[in-house]
Each structure stands twice: as structure tokens, then as C-alpha cells.
Amino acid sequence: MSDDIEWMKRGLEDPAIERVDLRIDVPHSARMYDFWLGGKTNFPPDRALGEAFEQAIPSIKVMARENRRFLGRAVRYLAGEAGIRQFLDIGTGIPTEGNTHEVAQATAPDSRVVYVDNDPIVLAHARALMDSSGSGRTAYIHADLLEPEKILADPILTDTLDLDQPVGLTLVAVLMLLADADDPWGKARVLMDALPSGSYVAITHPGADFDPAAMAAVVKAAAKGEMTLVPRTRDQVARFFGDWELIEPGVVPVMGWRPDGAAPTDPAAAYYWSGIARKP
């Protein structure tokens, strides 16, 4: 067993952290993203499924990086231009460079961030690495988007965030893990409805309409790996924002949402839709 796993197991055995099964025998989306981003917290099942995705979409690693870059731009916008000081990051993933709290607190040191993920390895890393800095606060909840009411009722969230004040909700590359039968629109709406006027939501979602054949292939690969993956069309992704006010440029390919520097030659080269909206 690697030193990394021994370290994580020691972290999870801390009395302050609930015991959970690491489940490294099955692939997990957070660890697949870690693999695509060049991280080290991934295991053979994660790499096998990640490579199967790459066979269908050879640029999948580039897409993962572009999705991560959007998160950075979105948080900088929210903490800067929008003046948001509280963040709820659902589907945190393995900590890596440019985490939400790092970006937010670099702009506004008093920013408070609550992370939510259902991968126990994310739990181990988050508790060890996601320390607060300056006057801000950072906390982590081990929970599932399928149960948004439990997320909102968790004392860690209510102790960290003031839900009477605007919150920046990020749902980056996570809604595609819910089947239509799970009503992902309804799950997102529970979270959005709990936030006050002036809050924002940032979403990315793999698009079914960029390359339908390639997307069908990754859906098939995911099913073999016992993972739910549901790409959706632009209209289906736009539906998540409901009646909130979309920030320019609206629902666009992830590379085309306020890119740093020159606009990309082909913003549709990364098969993700993205957008940010404000609650009236």
C-alpha cells in the first residue's frame, strides 16, 4: 500500500473524523478528474475508466483543465466584481492548485467556503489540506448532492455560512452524475431556493450536443464502470438556472466564458456548457 494511502487512512482514523470506507476498488469521478489533471490521488479503477473516456475523447485531459480554469475565473468574478464573501462548493474533488477557497481568499481574505463531496478520499485530503487563511474560514461536509436538504441542515454549513447573506454556489462538473430520474434540476433548485437574493450559481456540465457520438461512447464506458454519467444539451443545462439572471455571456462553452487573455479560436473544443446567474 502506498504512503499516500497510509497517510489518508491515518487521517480518517482521527477521532474527529468519522470512519468511512475509502472504496478504492471502484472508480470515482473525483479521482478520475485527479488523474486527468495529473494528480497522484487515483487508483487503477479510476485510471482504467479515465483512459476509456480518453479513447472516446482524446482531448479529455484538456477539457478537465479547461473546466478547472473556469472554476478559477468564476470564483474570481464572484469574489471580485460580484462582491460575494460566502461560497458553497458542491462536488469539490481532490484538492489541487486553485481550490475555491484559495482563489476567493486571494481576492477577499475574509471569504468563507464550505466544500461538499461524497468521496471519502476527498474527505481525508480536505480535512488535512484545506486550512482557512487570514480572516476567512474553510469547512468540509461529507455529503451527497442527492440529499440537498441534508447539506443545508448540516451544522458545519450553518456554523460557517450565513444563509441570510448572498452565497456563491458552484456546481462544477457534478450535475451530470445524477440521472434524469434523480431530478437533478430539482436537487439544484433546493439549494438555490435556500439562498437569498443577490446569491449566484456557477455551473458547468458536459454537453450532449458537441459531439454526440463521442459522448455516447463515454456514457457507455461509464456504465461499464458502474458510474452514472448524463451529458445534456444546452437547453437542458440552461434549465438549471431557472429564473435567475444570467451573467454575460450567458450559457456558453466553458472555454468561451470570459476567458483570460485572447478569446479561444474554437471555444467548443471543450465539450462543457457553462454559465453564472444571479438570484433576483
Side-chain angles (χ1 to χ4, degrees), residues 23-74 89-100 117-119 121-122 125 145 170-179 184 202-234 236-237 240 251-257 259-260 263-275:
R23 291 309 311 272
I24 63 173
D25 57 321
V26 295
H28 191 283
S29 59
R31 301 193 300 266
M32 286 172 58
Y33 256 88
D34 180 72
F35 167 63
W36 290 330
L37 292 171
K40 297 180 180 179
T41 311
N42 51 79
F43 305 96
D46 310 309
R47 294 190 286 273
L49 189 53
E51 288 167 354
F53 277 35
E54 194 171 2
Q55 289 180 2
I57 305 177
S59 59
I60 193 74
K61 291 180 179 177
V62 174
M63 294 184 192
R65 290 194 293 271
E66 291 297 338
N67 194 64
R68 188 74 183 180
R69 290 188 181 114
F70 167 85
L71 175 64
R73 296 196 303 275
D89 183 328
I90 309 289
T92 302
I94 306 294
T96 186
E97 184 178 356
N99 298 301
T100 295
D117 204 289
N118 66 354
D119 182 357
I121 289 182
V122 175
H125 272 288
L145 180 56
T170 62
L171 294 163
V172 173
V174 65
L175 290 162
M176 78 279 194
L177 301 175
L178 274 61
I203 293 173
T204 69
H205 197 299
D209 36 8
F210 287 95
D211 186 335
M215 280 298 173
V218 297
V219 168
K220 184 176 180 180
K224 288 183 178 179
E226 300 183 10
M227 178 183 293
T228 298
L229 176 65
V230 185
R232 295 186 168 97
T233 65
R234 182 187 181 281
Q236 290 173 318
V237 175
F240 284 110
V251 180
V252 297
V254 70
M255 293 173 67
W257 199 94
D260 295 325
T265 303
D266 181 12
Y271 305 161
Y272 282 88
W273 292 113
S274 66

Drop me the distance from Leu71's CG to Thr204's OG1, to the nearest 0.5 angstrom.
-> 8.5 Å
Tabulate below the donor-acceptor pairs under 3.5 Å that side-chain atoms of residues 207-220 make, not counting sequence neighbours, or state none.
residue	atom	partner	partner atom	Å
Asp209	OD1	Trp273	NE1	2.9
Asp209	OD2	Arg234	N	3.0
Asp211	OD1	Ala213	N	3.4
Asp211	OD1	Ala214	N	3.2

Can you tell me if His28 and Asn118 form a side-chain donor-acceptor pair at under 3.5 Å?
-> yes
Between NE2 on residue His205 and CZ on residue Arg232, distance to nearest 0.5 Å = 4.0 Å
Report yes if some heavy atom in the side chain of Asn67 is under 4.5 Å from a heavy atom in the side chain of Val172; otherwise report no.
-> yes
Quick one: does NZ or CZ of Lys61 land under 6.0 Å from the six-membered ring centre of Tyr33, within 45 degrees of the ring axis?
-> no
Shortest non-hydrogen contact from Ser29 to Leu177?
-> OG-CD1, 3.3 Å
Check whether any side-chain heavy atom of Met227 lies under 4.5 Å from a side-chain heavy atom of Leu49, and answer yes or no.
-> yes
Where do Val230 and Leu178 come nearest, in terms of heavy atoms and distance?
-> CG2-O, 3.8 Å
After noting the C-alpha distance and the side-chain angles of Leu175 and Leu145, does the key distance pass the side chain to side chain contact (heavy atoms under 4.5 Å, CB included) rule?
-> CA-CA 8 Å; Leu175 290 162; Leu145 180 56; 3.8 Å; yes
Is Arg69 close to Glu66 at the side-chain level, that is, under 4.5 Å between some pair of heavy atoms?
-> yes
What closest approach, in Å, do Gly275 and Phe70 show between heavy atoms, and which atom pair accounts for it?
-> O-CZ, 4.1 Å
For the residue pair Arg47 and Arg31, establish whether any side-chain heavy-atom pair is separated by less than 4.5 Å.
-> no
Please report the closest heavy-atom contact between Val174 and Ile90, naming both atoms and the distance.
-> CG1-O, 3.8 Å
What distance separates Tyr272 OH from Met63 CE, expressed to the nearest 0.5 Å?
-> 8.0 Å
With a 4.5 Å limit on heavy-atom distance, are the side chains of Ser274 and Trp257 in contact?
-> yes
Separation between CG of Leu171 and CD1 of Ile203, rounded to the nearest 0.5 Å | 5.5 Å
Which atom names give the shortest non-hydrogen contact between Trp36 and Gly50, and what distance separates them?
-> NE1-O, 3.3 Å
Minimum heavy-atom distance Gly225-Pro27, with the two atoms named | O-CG, 3.5 Å
Distance col, row Ile60:CD1 vs Glu54:CD, nearest 0.5 angstrom, shows 8.0 Å
Would you say the side chain of Arg68 lies within less than 4.5 Å of the side chain of Asn99, judging by non-hydrogen atoms?
-> yes
Check: Thr233 side chain, Gln236 main-chain N or O, donor-acceptor pair, under 3.5 Å | yes
